[in-house]
Number of protein chains: 2
Amino acid sequence: MATRTRNTERREDALSKERIIEAAVEMLDAGGESALTFRALSATLKTGPGAIYWHVANKGELLTAATDAILTGAMPPADAGGTPQEAIRAVAIGVFDAIEAHPWAGEQMSQLASQSTTLRVFERIGRQVQALGVPGPAQFFAASALLNYILGVAAQNAAMARSVQQGTDRTEVLDMVAALWNSLDTDEYPFLRTIAAQLRDHDDRAQFLAGVDLILAGIATLTRPA
Amino acid sequence: MATRTRNTERREDALSKERIIEAAVEMLDAGGESALTFRALSATLKTGPGAIYWHVANKGELLTAATDAILTGAMPPADAGGTPQEAIRAVAIGVFDAIEAHPWAGEQMSQLASQSTTLRVFERIGRQVQALGVPGPAQFFAASALLNYILGVAAQNAAMARSVQQGTDRTEVLDMVAALWNSLDTDEYPFLRTIAAQLRDHDDRAQFLAGVDLILAGIATLTRPA
DNA sequence: ACCTGAACACCGTTCAAGT
DNA sequence: ACCTGAACACCGTTCAAGT
């Protein structure tokens, strides 16, 4: 039954950076950053820990590469058409959904200043900010505001996902947070207690988009000065 | 010369959570999160590693406590007066400056969803959003947008600070980032190359505040609906 | 009640040695 | 060129034992 095996199928179990990243993403998805271990990884790949170091410089590079792999696939095509606002929303939602599916990447992104993934998102947003007609000097901080907001939400979602024991339900988590907010001192935390009620039936994704639109509304004031 | 030593001064070297946190902050300031080790910490405090565990549950709690200590002192007084916008800017700048002085705390904040520090900032912002006259249902996402933007910037600054070798100059770092942006492909990264020039004489703090104002401008559109 | 410090169960990383 | 796996230099954390 091995007769049909040709050269092309040979050594499909050979180590490569791609296979390492693929296995790393699986481990990260399963158990977060602490689950990614060179020992566990090399066991999965049926090699020694040292073998990985021939393809990857260190754990940091592996984490960066894994984050890149996730987010490259998550970005919508650049020529999608539509208004600049729609294009910005599409990029933002792409990042958001990717982080929701792979929370460990959220931690990574906000730790990776000027890394290729972040740069690509920044570029995409910046181009649309230009298309909106924001004057030159303001383009930088307008695009930065959007990027930092997106990264901030990404990190918060990652943190939330990590604090959740696997198996805990989504609404269960919201209930716990709402309970925490309600347990706060009424005099010191009036605002949080007020919105605790809204937490239960609130939609993370819709709220995230509302934030994007809020910043877009602010950007709009830059294009038609008072 | 020990005659004047009274009971009050006795055992001033006794271990306490406060002394542990104080020492931890010093180590974090000196070398970032990786410099904080229970062994190094106990050596500084002249005890064994186990002693620390009597006052602190684990490293995570210590990190949280250290972050709290930094940010509690950084927040402006709640009754500072002025417009809601000014109050929001004051809180934002308080966080920004604290992170600039203690970059490790920036990493921490964005990993600590619903932690006391973050909740306090959220509360302060939320109250001012209410004061601005934002209608009830929109208060939540308006305050969230501001908070997430602030946390996003905090994390980016922390990441930047960590990537910088100690001793590297500030302008030197900006030059390196500008050089990186300029080295990008012209066709793929036109926006980044355009703003790379602005990077050299750009003021992080002013840019951060411009972002806050941008979101405030967006929030203003919520109070007087079209 | 509070502290000691050896020991446990891990890490990331290196490197001589193999093929 | 690529892989092996023992070894190094660490970690956070525990816990019997001390005072």
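Proteins come first, then strands; the chains are lettered A, B, ... in the order of their sequence lines, and each starts at number 1. Keep in mind that this is a model prediction, so the values were computed, not measured.
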With A:Glu61, which residues qualify under salt bridge (charged side-chain N to carboxylate O under 4.0 Å, His left out), at least two apart?
A:Lys17
So, for B:Phe208 and A:Phe141, is the gap between ring centers shorter than 6.0 Å?
no
Nearest-Å distance for atom pair CD1/C1', residues A:Ile52 and C:dC11:
14 Å
Annotated protein contacts, base or backbone, on nucleotides 12-17 of chain D with a non-hydrogen cut-off under 4.0 Å, one of B, S, - each:
BBBB--
With sequence neighbours excluded, give me every ring pair (Phe, Tyr, Trp, His ring centres under 6.0 Å) pair touching residues 34-64 of chain B.
B:Phe38-B:Tyr53
For D:dG18, give the paired nucleotide (Watson-Crick: N1-N3 plus N6-O4 or O6-N4; G-U: N1-O2 and O6-N3; both under 3.5 Å), or none.
C:dC2
Short N-O contact, B:Arg162 and B:Glu107, less than 4.0 angstrom
yes
Partner of A:His102 under side chain to side chain contact (heavy atoms under 4.5 Å, CB included), chosen from A:Ile70, A:Asp97, A:Thr67:
A:Ile70
So A:Trp181 and B:Phe122, would you call those rings parallel, tilted or perpendicular, with 30° and 60° as cut-offs?
perpendicular
Which whole-number value in Å describes the distance from B:Trp54 CH2 to C:dA1 C1'?
6 Å
With both distances kept under 3.5 Å, what pairs with C:dA7, Watson-Crick or G-U wobble?
D:dT13
